[in-house]
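Scroll down for the structure; my scribbles are underneath it.
Below, chain A is the first sequence line, B the second, and so on; all start at residue 1.
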Amino acid sequence: MSTATRSLPRAIGAHAILLTYTAIALFPVVLVVMNSFKSRAGIFGAPLTPPTPKTFDLIGYTTVFGQGDFIHYFQNSLVVTVASLFFVLLFGAMAAFALSEYRFRGNTMMGLYLALGIMIPIRLGTVAILQLMVATGLVNSLTALILVYTAQGLPLAIFILSEFMKQVSSDLKNAGRIDGLSEYTIFFRLVLPLVRPSMATVAVFTMIPIWNDLWFPLILAPSEETKTVTLGAQLFLGQFVTNWNAILAALSLAILPVLILYVIFSRQLIRGITSGAVK
Amino acid sequence: MGSLKIENVKKAFGPIEVLKGIDLEVTDGEFVVFVGPSGCGKSTLLRVIAGLEDSTSGRVLIDGTDVSVTPPAKRGIAMVFQTYALYPHLTVKNNMALGLKQAGTPAAEIERRIKIASAMLSLEPYLERRPAELSGGQRQRVAIGRAVVREPKLFLFDEPLSNLDAALRVNTRLEIAQLHRRLKATMIYVTHDQVEAMTLADKIVVLNSGRIEQIGSPMELYNSPANEFVAGFIGSPKMNFIDGARLGETAKTIGVRPEHVTVDATSGAWKGTVVHAEHLGADTNLYLDCEKAGLITVRIFGVYNAEPGATLYATPDAAKTYRFGADGKVLR
Ligand SMILES: Nc1ncnc2c1ncn2[C@@H]1O[C@H](COP(=O)(O)OP(=O)(O)OP(=O)(O)O)[C@@H](O)[C@H]1O
Ligand SMILES: [Mg+2]
């Protein structure tokens with residue numbers, strides 16, 4: 001077995017496949033970042049070559065920072081993403097704990113109901129959501145976006161987290177109860193640290209669609225005050241003239257925050273703090 | 001200080017009745033062992049006593065007070081789990097201290113109790129370590145220490161040794177026995193293991209599918225089992241059960257322990273062929289296929305040379321033969 005899995009041709013084959021996939025996946029990103037540092041002529045003349053001293057130009061970035069309130073858009077995106085993420089993780093974990101830990105009437109039905117959102121896209125309810133936001137006066141506010149994204153992220157979070165919480169040793173929770181810990185302490189101090197890797201997984205899955213979303217910012221919060229980065233970048237996408245330098249620069253910049261968040265969460269994925277609790 | 005009384009406790013999970021009316025009395029300072037086959041409800045009964053599970057009906061009294069609505073932390077109990085269940089993010093010392101801190105014990109008192117418990121269980125070198133940095137045996141000692149520092153009226157152990165290897169199990173068993181002698185506390189101990197039950201218990205409670213089959217001291221259960229189930233469960237190798245009709249007896253089943261059968265090469269009650277022999281050094285287990293009695297096990301002390309296929313005569317000790325009626329109860 002071990003010799004078979006370690007044989008050289010197999011290793012080369014596996015690496016070749018993975019490298020090819022990586023190249024394909026990274027190609028568009030590299031293209032965007034590369035071209036964002038080139039002059040307009042450079043972009044159209046030779047889109048596939050890296051910036052040379054001749055074509056190198058920061059015009060895209062200066063436009064982005066000069067025009068509109070891009071820093072502000074960034075802030076909006078970050079506030080919306082981080083706040084939604086926080087609520088999704090908090091409420092998702094709490095609901096998952098209740099569903100996995102307590103036996104009550106309608107437990108299974110409740111679990112199914114909460115998971116239903118995975119199959120039904122929230123955008124189907126856009127009109128109703130818009131009416132609701134108008135009625136409550138939340139249009140053009142970040143709160144509206146946070147509420148919608150929290151609702152959007154919860155089903156998957158509950159579904160994934162309750163599976164993981166079922167695996168947390170019931171002896172450990174019972175030991176806490178005998179030591180006089182409250183159910184909240186058991187949840188926050190014993191269970192949450194043990195499911196941290198799965199929380200990180202959920203965080204990554206939740207964060208990226210929120211950061212990239214154009215639909216809800218466009219409909220619920222298109223005002224200058226509440227624009228997010230994806231919406232802000234549309235500014236350069238004219239009907240007749242498109243400022244490619246600026247768009248590419250904005251997109252390159254937009255990758256950074258998600259990348260940072262991703263690095264933070266993926267470190268949690270790797271860290272194994274669970275060993276030693278049981279067995 | 002530390003008596004327990006259980007009155008007609010029943011527990012059902014949905015339609016499935018797991019405990020079907022348990023009555024039990026444990027006096028102060030007793031070491032009581034629950035044994036029974038897997039799934040018979042031992043852990044469930046222990047969890048009901050601890051308050052981790054509500055009984056469907058019946059009462060649990062600790063020191064004469066009904067604790068049915070008292071939360072686990074206020075019942076004056078401590079529990080040791082099969083999987084250790086240590087807090088992974090806390091050091092050994094804090095693992096032991098947590099329960100006391102929650103109860104508002106003064107720091108000096110906590111310190112004193114941890115000192116005593118860790119000396120008792122030789123845990124001093126590990127106090128600042130986390131559970132992940134300990135071996136299985138050390139972890140289980142920490143779990144026992146966490147129970148000891150609470151100075152409970154009642155210790156509950158749920159198969160505490162079953163995750164340990166054989167040698168460590170013997171050591172830890174010894175430690176638990178010493179602990180009981182030193183603390184003079186009431187202990188309730190769940191196990192599958194016969195040897196643990198026989199060596200530790202003052203009183204053994206044999207459970208079978210949610211009912212108590214018999215309560216008694218180890219020797220009582222061994223010498224005078226109330227029914228076929230207890231007779232078969234206590235003792236190793238298992239008692240031989242022979243169909244009464246085959247032997248021309250009125251009783252439904254005749255039981256005789258392997259150690260109460262003698263063998264002879266020339267004459268005896270039951271003629272049989274050796275099917276298999278297990279040589280354990282101190283004793284020898286022979287499996288005999290007898291014409292009259294069917295397949296029986298014989299335990300001979302010391303070395304006995306018998307080849308498979310050889311003919312032997314087995315004779316049961318008439319004074320140590322049990323007779324069971326059709327309902328499985330012993331006939332006197
Ligand atoms: N939370 C639960 N929901 C439903 N059934 C349960 C639950 N807990 C236990 N049971 C059932 O109750 C029965 C008794 O379980 P229990 O854990 O008390 O057995 P046990 O005697 O401790 O067995 P073992 O020796 O294997 O630990 C089992 O049939 C089990 O399936
Ligand atoms: Mg059990």
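Arg177(A) has its side chain within reach of Leu52(B): a pair of non-hydrogen atoms, C-beta onward, lies under 4.5 Å apart.
Applying the 6.0 Å contact sphere to NZ of Lys93(B) captures no more than 12 heavy atoms from other residues, nucleotides or ligands. Atom OH of Tyr102(A) is surrounded by more than 12 heavy atoms from other residues, nucleotides or ligands within 6.0 Å. Shown here is Met110(A), whose CE atom has no more than 12 heavy atoms of other residues, nucleotides or ligands within 6.0 Å. Atom CZ of Phe164(A) has 12 or fewer neighbouring heavy atoms from other residues, nucleotides or ligands inside a 6.0 Å radius. Residue Phe159(A) places its CZ atom among 12 or fewer non-hydrogen atoms of other residues, nucleotides or ligands, all under 6.0 Å distant. More than 12 heavy atoms of other shown residues, nucleotides or ligands fall within 6.0 angstrom of atom CE in Met119(A). Atom CZ of Phe74(A) sits in a crowded spot, with more than 12 heavy atoms from other residues, nucleotides or ligands closer than 6.0 Å. Open room surrounds OH on Tyr184(A); 12 or fewer heavy atoms of other groups in view lie less than 6.0 Å from it.
Atom OG in Ser169(A) sits 10.5 Å away from atom CD in Gln82(B) (nearest 0.5 Å). Considering NE2 of His89(B) and CG of Leu194(A), their distance stands at 9.0 Å, rounded to 0.5 Å. Rounding to the nearest 0.5 angstrom, the gap separating the CZ atom in Phe81(B) from the CG atom in Asn174(A) is 5.0 Å.
Side chain of Arg150(B) to backbone of Ile178(A): a donor-acceptor contact under 3.5 angstrom is found. With Tyr84(B) contributing its side chain and Leu172(A) its backbone, the two residues share no donor-acceptor pair below 3.5 Å.
If you measure heavy-atom distances from Glu53(B) to chain A, the contacts under 4.5 Å come from the side chain alone. With a 4.5 Å cut-off on non-hydrogen atoms, Arg75(B) does not touch chain A at all. For Arg103(A), the part lying under 4.5 angstrom from a heavy atom of chain B is the side chain only.
Annotation: residues 96-104 of chain B contacts chain A through Leu98(B), Gly99(B), Gln102(B) [non-hydrogen atoms, separation under 4.5 Å].
Residues Ala85(B) and Ala175(A) approach most closely at O-CB, 3.8 Å, considering heavy atoms.
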